[in-house]
Amino acid sequence: MQTDNECQQMVGSELFAWMRTIRQHLHQNPELAFQEFKTAAYVCEKLSELGIRSQPGMAGTGVLAEIGTAKNDRIVGLRADMDALPIKEKTGLPFASEIAGCMHACGHDGHMAMLLGAAALLGKMDLPGRVRFIFQPAEENGNGAEKMIEEGVADGLDAIFAGHIDTHYPTGSITVDEGIICAYADPFIIRLRGSSGHAARPHEAKDSIVAAAGLITALQSLVSREVDPNHAAVVTIGHVQAGETHNVIAEEAILEGTIRSTHPEARSRLLAGLERMVMGSSSLYAVTADLEFPDFLPAVINSASAAKVARKAAVAVTPEKSVFSQGPSSLGGEDFSFYLQKVNGCLVRFGAHVSADTGPAHSSTFDFDEAVLSTGAAWYARVAMEFLQESVSA
Ligand code: NI
């Protein structure tokens, strides 16, 4: 449980209860990437309760809203993601998902609730500029951020901020870092095609499964031999599909995986090494090989100036000892990186640890401490004010 602190006082019990109701409603009614129609309608309804006009339909299911004055021409963006995951929930919570095979297992329900809470707080303040609320679809799958940016949601922004719930850290804590905090992610698909035949007469066929097995094993040497050991990186094959039955040699094998890296040089070495090995397996096993990179995700690199503002806001809403660095970059991906390629900004993490029995993010038993809604709302509101005030005095 959260101890009494400044952000709880700033948010108050009434607003906390409002956010908790929102979080639980969204949790009960999750929607997958680019299908967040009911979610978007609900967000618009809550914004209108606050007297804020919203613009739905951004990148399909995203929602945009803006408040403030034109006292100065500064605009700060605050972003929350909206999508759930294709997971069957097993938390047993009274507000567990009512949608079969779909669950908010990454805290995006909480992100929307806390950003609405921040809108409530900021709506009552005299803003020295404008605040743009960005409710973005499809963070988990489909690079919703990229599509929102294509529709202009980042145009004119002077800075952008976001936070992600993280149950590794205690409730009330906020991690703030400058530089890289989430990795470059390069998902890939490999297709190996041989020719089918009888399991007992391999000399009449070209076995794609043997080629796939050899390639998967070979790929394990990429990180250890291509990357500076001081730079974190990983190559994972997460999905293999080949063959129909035990006595037929498989004509085609499809391997899906991802490369995660934290340094541009490591990334290019891994990409080149992967391509070399895939093409090499073609001549090694006499199959045809094809390599495709569907959705590249850039690394999340927080700018030093935005991280400074983020830290100032964090220290204002939670005790200074609860504001710390996450340490080395995560190897996870996060499409907030697309905004950061265009605008200065910073992504932080909000601690929300429940208990050792609660599953990690992206698991069927994931849950977070709802007290984080106060931390998040207070920080979002504060970081917007800090940025706008700083630009006024600059
Ligand atoms: Ni997430």
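We number each residue from 1, following the sequence as shown. Everything quoted here is computed from the prediction, not taken from an experiment. The analysis underlying the following values was restricted to heavy atoms, covering all of them including side chains, and did not include hydrogens, waters or symmetry mates. Each ligand, and each atom within it, is numbered from 1 in the order the structure gives.
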- [ ] Using a strict 4.0 Å threshold on nitrogen-to-oxygen distance, state whether Arg311 and Glu178 make a salt bridge.
- [x]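 Looking at Arg311 and Glu178, the cut-off is not met.
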Task: Pairs satisfying ring pair (Phe, Tyr, Trp, His ring centres under 6.0 Å), at least one member in residues 145-187, at least two apart - done: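 Checked against ring pair (Phe, Tyr, Trp, His ring centres under 6.0 Å) - neighbours excluded - the pairs reaching residues 145-187 are His108-His164, His111-His164, Tyr169-Phe324.
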- [ ] Please tell me if the side chains of Val227 and His231 come closer than 4.5 Å, counting only heavy atoms from C-beta onward.
- [x]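 Result yes, sub-4.5 Å side-chain heavy-atom pair found.
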Open item on the list: If only side-chain N and O atoms count, and only distance matters, is there a donor-acceptor pair under 3.5 Å linking Glu66 with Gln55?
Closed with: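 There is no such pair between these side chains.
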Task: Donor + acceptor pair across side chains of Asp166, Gln326 (<3.5 Å) - done: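 No donor-acceptor contact under 3.5 Å links the two side chains.
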TODO: Spell out the protein N/O/S atoms under 2.8 Å from the Ni ion (ligand 1) as residue plus atom name.
DONE: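 Hits for the Ni ion (ligand 1) below 2.8 Å: Cys106 SG, His108 NE2, His164 NE2.
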Open item on the list: Given Asn302, which partner from the list Ile181, Asn344, Val348 fulfils the side chain to side chain contact (heavy atoms under 4.5 Å, CB included) test?
Closed with: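 Only match with Asn302 under side chain to side chain contact (heavy atoms under 4.5 Å, CB included): Ile181.
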